[in-house]
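Heads up, the thing below is written out as structure tokens.
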Amino acid sequence: QVQLVESGGGLVQPGGSLRLSCAASGFTFSSYAMSWYRQTPGKERELVAAITSAGGVTNYANSVKGRFTISRDNLKNTVYLQMNSLKPEDTAVYYCNADSERVYELGYRVDYWGQGTQVTVSS
């Protein structure tokens, strides 16, 4: 049974920090690229940050570059998102995603999603 469980969300003031965690189980974590997405009501889901299976390559949305850092611990089957200098615009539900990186082999994408964790940035 595949599970992705996000944690670490909450209410924080502008300029504050949060660290999100995503604990994975039920699949070969070290073979999957991991990503964080976010979504607000009425808006499309947005890719925030991604990291390759070995952790060697990362990419970020322009809006979070220099403020957010994605990392992973393949021994703990966990991916993290360190969020610093938070802004009200960062308010969203943050979702963890695992991607098999086999889309070209299979002809379709195999991925998994967590339930999400709410991040609210407000004074």
Side-chain (Gln39) to main-chain (Glu46) donor-acceptor, under 3.5 angstrom: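 It does not hold such a pair.
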
Side-chain donor/acceptor of Arg45 to backbone N/O of Arg38, under 3.5 Å: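 Such a contact is absent between Arg45 side chain and Arg38 backbone.
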
Test log, rule side-chain contact (heavy atoms from CB on, under 4.5 Å), inputs Asn74 and Arg72: CA-CA 6 Å; Asn74 284 350; Arg72 67 190 296 159; 2.8 Å; yes

Minimum-distance pair of heavy atoms, taken over all atoms of [X] and [Y]:
{"X": "Val110", "Y": "Leu106", "result": "CG2-CD1, 3.6 Å"}
{"X": "Leu81", "Y": "Ala49", "result": "CD1-CB, 4.1 Å"}
{"X": "Thr78", "Y": "Lys76", "result": "OG1-O, 2.9 Å"}

Spacing of [X] atom [atom1] and [Y] atom [atom2] [to the nearest 0.5 Å]:
{"X": "Leu86", "Y": "Thr91", "atom1": "CG", "atom2": "OG1", "value": "8.5 Å"}
{"X": "Gln3", "Y": "Asn77", "atom1": "CD", "atom2": "CG", "value": "12.5 Å"}
{"X": "Gln82", "Y": "Arg67", "atom1": "CD", "atom2": "CZ", "value": "12.0 Å"}
{"X": "Cys96", "Y": "Tyr112", "atom1": "SG", "atom2": "OH", "value": "13.0 Å"}
{"X": "Asp90", "Y": "Thr40", "atom1": "CG", "atom2": "OG1", "value": "11.0 Å"}

Are [X] and [Y] connected, step by step, through hydrophobic side chains (Ile, Leu, Val, Met, Phe, Trp, Tyr) whose heavy atoms are closer than 4.5 Å?
{"X": "Tyr94", "Y": "Ile51", "value": "yes"}
{"X": "Tyr80", "Y": "Tyr60", "value": "no"}
{"X": "Trp36", "Y": "Val2", "value": "yes"}

Co-members of Tyr95 in a cluster of I, L, V, M, F, W and Y side chains, linked at under 4.5 Å: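 Under the 4.5 Å side-chain rule, Tyr95 groups with Tyr37, Leu47, Val93, Trp113.
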
Side-chain donor-acceptor contacts of residues 13-33 below 3.5 Å, not counting sequence neighbours, with atom names and distances?
from, atom 1, to, atom 2, distance (Å)
Ser17, OG, Asn84, OD1, 2.9

Over 12 non-hydrogen atoms of neighbours within 6.0 angstrom of CZ in Arg109: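 Atom CZ in Arg109 is not packed in, count stays at 12 or less.
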
Enclosure of Glu105 CD (heavy-atom neighbours >12, cutoff 6.0 Å):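 Yes, the 6.0 Å shell around CD holds more than 12 heavy atoms from other groups.
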
Result block: side-chain N/O donor-acceptor pairs under 3.5 angstrom for residues 116-123, not counting sequence neighbours:
from, atom 1, to, atom 2, distance (Å)
Thr117, OG1, Gly9, N, 3.3
Gln118, NE2, Ala92, O, 3.4
Gln118, NE2, Thr120, OG1, 3.3

Full working for side-chain contact (heavy atoms from CB on, under 4.5 Å) between Ser53 and Glu101: CA-CA 9 Å; Ser53 58; Glu101 300 185 302; 3.5 Å; yes

